[in-house]
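Below is one structure, written out as structure tokens; the observations come after it.
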There are 2 protein chains.
Amino acid sequence: MSSFYKTSINCNFMLETLDCMLEKSHKYVSCASCSARKDSLFSNHCDHELDELDESKSCNYYKKNQPLFIEGSFPRGVFCLNGGKVKVFTRGDEGKEQIIHIAKEGEIIGFRAMLSGEPYKVSASTLEECNICYIGKEDFLNMIETNSVLRNGIMKELSKELGERAVFITNMAQKSVRERLAFALLILNDVYKPEQINLTREDLANFVGTATETLIRLLKDFKEEGVIEIHTRKLEIVDANKLERIAGTR
Amino acid sequence: MSSFYKTSINCNFMLETLDCMLEKSHKYVSCASCSARKDSLFSNHCDHELDELDESKSCNYYKKNQPLFIEGSFPRGVFCLNGGKVKVFTRGDEGKEQIIHIAKEGEIIGFRAMLSGEPYKVSASTLEECNICYIGKEDFLNMIETNSVLRNGIMKELSKELGERAVFITNMAQKSVRERLAFALLILNDVYKPEQINLTREDLANFVGTATETLIRLLKDFKEEGVIEIHTRKLEIVDANKLERIAGTR
DNA sequence: CTAAAAAAATGATGTATGTCATCTTTCTAT
DNA sequence: ATAGAAAGATGACATACATCATTTTTTTAG
């Protein structure tokens with residue numbers, strides 16, 4: 001695990017080029033042409049800044065279920081998700097994962113720990129094949145210091161997430177598993193659209209905060225009530241309004 | 001409710017002086033002499049900056065159970081807690097409070113919503129008599145823009161809290177009520193020390209995320225196990241190590 | 001294409017915790 | 001000091017959900 005981690009984050013341009021030859025899905029993406037950038041924190045970067053970003057970053061291909069970083073280790077840079085989904089999670093005392101967030105294209109991952117100066121409080125792994133760029137700590141902190149638009153964007157993002165997590169905590173504390181599942185499906189629908197939700201039952205259970213068996217039974221209920229359709233692993237939301245009603249007002 | 005809110009935040013120096021005459025507990029505190037400031041985000045302010053802060057702030061006395069701000073409203077400034085405790089909470093769908101955080105002297109409250117540009121996602125009320133200073137939005141944002149030490153402190157604080165909330169969510173999802181109560185008592189012990197924990201059973205239940213009756217029963221268990229002592233409302237931790245063991249490894 | 005492994009599904013069972021109802025103690029205001 | 005209100009405490013009961021055990025289906029790798 002940690003050996004991969006090192007390999008991944010230390011990979012320099014040579015390695016990256018090598019990777020590129022070996023892995024067909026891996027491609028170098030310039031920030032200027034990155035489609036995920038349009039609604040990211042870098043959306044306001046001018047050409048000049050994008051060039052700088054291109055020079056300081058590396059661009060890597062990740063297979064399914066590969067860790068980006070692990071709880072307890074120290075951050076040395078941030079990850080910018082070009083393609084694919086990533087889960088951010090902590091482990092409880094018995095090792096069970098609690099998924100805090102599912103990140104999609106355009107999101108920057110791992111800057112919280114870097115700004116706090118503490119080791120990571122969460123881990124992150126790919127949920128599918130991903131293209132992820134990496135920006136070293138120095139470069140990123142420098143960008144924040146000099147670029148007030150980026151900096152304000154980050155402060156705004158941190159604050160927004162803090163608010164979201166207050167709601168998350170309240171949901172965990174007060175809603176039934178059924179309600180939380182409905183809530184989770186609505187969130188995931190946004191993350192995955194226009195595609196269908198594509199997670200293992202276990203990951204979904206770990207996001208909702210329940211046992212896998214309970215989750216499976218509730219999915220069946222939802223299917224029988226006509227709110228979702230199950231295509232083996234993929235879940236299709238067919239009645240979002242009803243899901244909202246089940247989830248409650250929030 | 002909201003009428004109080006308005007009165008409070010719009011109060012100018014005249015009103016404040018009036019308050020001061022009416023309320024014996026209310027006193028104006030200059031930032032330079034504020035004992036709560038030493039480990040606050042303003043700890044690095046120089047004399048000149050403190051003077052500025054003094055000029056832009058107002059200083060108000062709050063009775064027990066008075067709201068500072070309410071979920072859904074828009075922030076117009078931040079609150080700096082000079083004395084007393086404040087609860088920060090959301091309400092679930094049935095109106096039940098979920099306490100997210102208990103703030104003590106020196107903490108700045110309400111800057112998350114201000115930075116996010118969104119309405120408050122949480123409410124805040126005093127848990128006891130409080131002295132609280134108020135800094136208007138303009139002044140505060142201006143300070144952040146010009147003072148990089150303060151700004152970095154705030155980014156650090158936001159990031160740190162985000163990490164803490166990930167742990168909080170995991171605890172909510174995976175720990176038993178008994179474990180969560182042990183965890184909560186340890187946190188509250190830090191907040192209240194050197195005094196004893198002083199909360200209603202209902203507030204404590206809303207922090208732990210359980211029913212008041214369940215909480216009362218568990219407190220009794222802890223008392224019988226010799227880990228706490230109950231002095232009517234006040235709770236004394238007598239065996240913190242054992243509490244840590246009960247709470248689990250985190 | 002097939003075997004093995006992983007994921008999904010189903011059933012049976014136990015229990016932690018929420019809910020409701022009642023009673024007692026403590027606090028608050030006059 | 002006293003009455004009324006709020007907070008605290010206790011019991012009886014119901015149930016949502018976790019756990020464990022087993023079977024079926026899907027995915028993966030050789």
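Here is the naming used below: chain letters follow the sequence lines, and residue numbers restart at 1 for every chain. Everything numeric in this text was worked out from a predicted model, so none of it was measured.
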Among D:dA21, D:dG8, C:dA8, the nucleotide that comes nearest once only the side chain of A:Glu213 is considered: D:dA21
Between C1' of D:dG8 and CG of B:Asn206, the distance in whole Å: 15 Å
Could you give the CD1-to-P distance, from B:Ile216 to D:dG11, as a whole number of Å? 13 Å
CG of B:Leu218 versus C1' of D:dG8: gap in Å, rounded? 15 Å
Could you tell me how far apart B:Ile230 (CD1) and D:dA9 (P) are, to the nearest whole angstrom? 6 Å
Whole-Å distance between C:dT15 P and B:Arg217 CZ? 18 Å
Nearest-nucleotide check on DNA chain C, B:Leu215 vs A:Asn65; residue mapping nearer the 5' end is A:Asn65
Is it true that the NZ or CZ of A:Lys85 lies under 6.0 Å from the centre of A:Tyr192's six-membered ring and within 45 degrees of the ring axis? yes
Rounded off to whole Å, could you give me the NZ-to-C1' distance for the B:Lys175 and D:dA18 pair? 17 Å
Whichever of A:Thr232 and A:Ala173 has the more 5' nearest nucleotide on DNA chain C, that residue is A:Thr232
Have a look at A:Ser176 and say if it touches a base, only the backbone sugar-phosphate, or nothing, with a 4.0 Å heavy-atom cut-off. sugar-phosphate
Within this structure, what is the NZ-to-C1' distance between B:Lys234 and D:dG8, rounded to whole angstrom? 17 Å
Taking only N and O in the side chain of B:Lys220, is any of them less than 4.0 Å away from OP1 or OP2 of D:dA9? no
Listed by chain and number, what are the salt bridge (Lys or Arg N to Asp or Glu O under 4.0 Å) partners of B:Arg201, not counting sequence neighbours? none
Do A:Glu129 and A:Tyr62 have a side chain donor and acceptor closer than 3.5 Å? no
5' priority, DNA chain D, between A:Arg233 and A:Arg180 [closest heavy atom]: A:Arg180
Hey, what's the ring geometry for B:Phe207 with B:Phe168, parallel, tilted or perpendicular (30° and 60° as the breaks)? perpendicular
Whether B:Thr200 contacts D:dA6 is assessed here as follows: a side-chain N or O lying under 4.0 Å from the phosphate OP1 or OP2. Is that the case? no
Scan A:Thr212 against the nucleic acid and name what it touches under 4.0 Å (heavy atoms): base, sugar-phosphate only, or nothing. nothing
From C-beta outward on A:Thr214, which listed nucleotide comes closest to its side chain: D:dG11, D:dT19, C:dA8? D:dT19
Value in whole Å for how far the C1' atom of D:dG8 lies from CG of B:Asp203: 14 Å
Of the nucleotides D:dC17, C:dT28, C:dT19, which one has an atom closest to the side chain of B:Lys64? C:dT28
Regarding B:His101 and B:Glu107, is there a side-chain donor-to-acceptor distance under 3.5 Å anywhere? yes
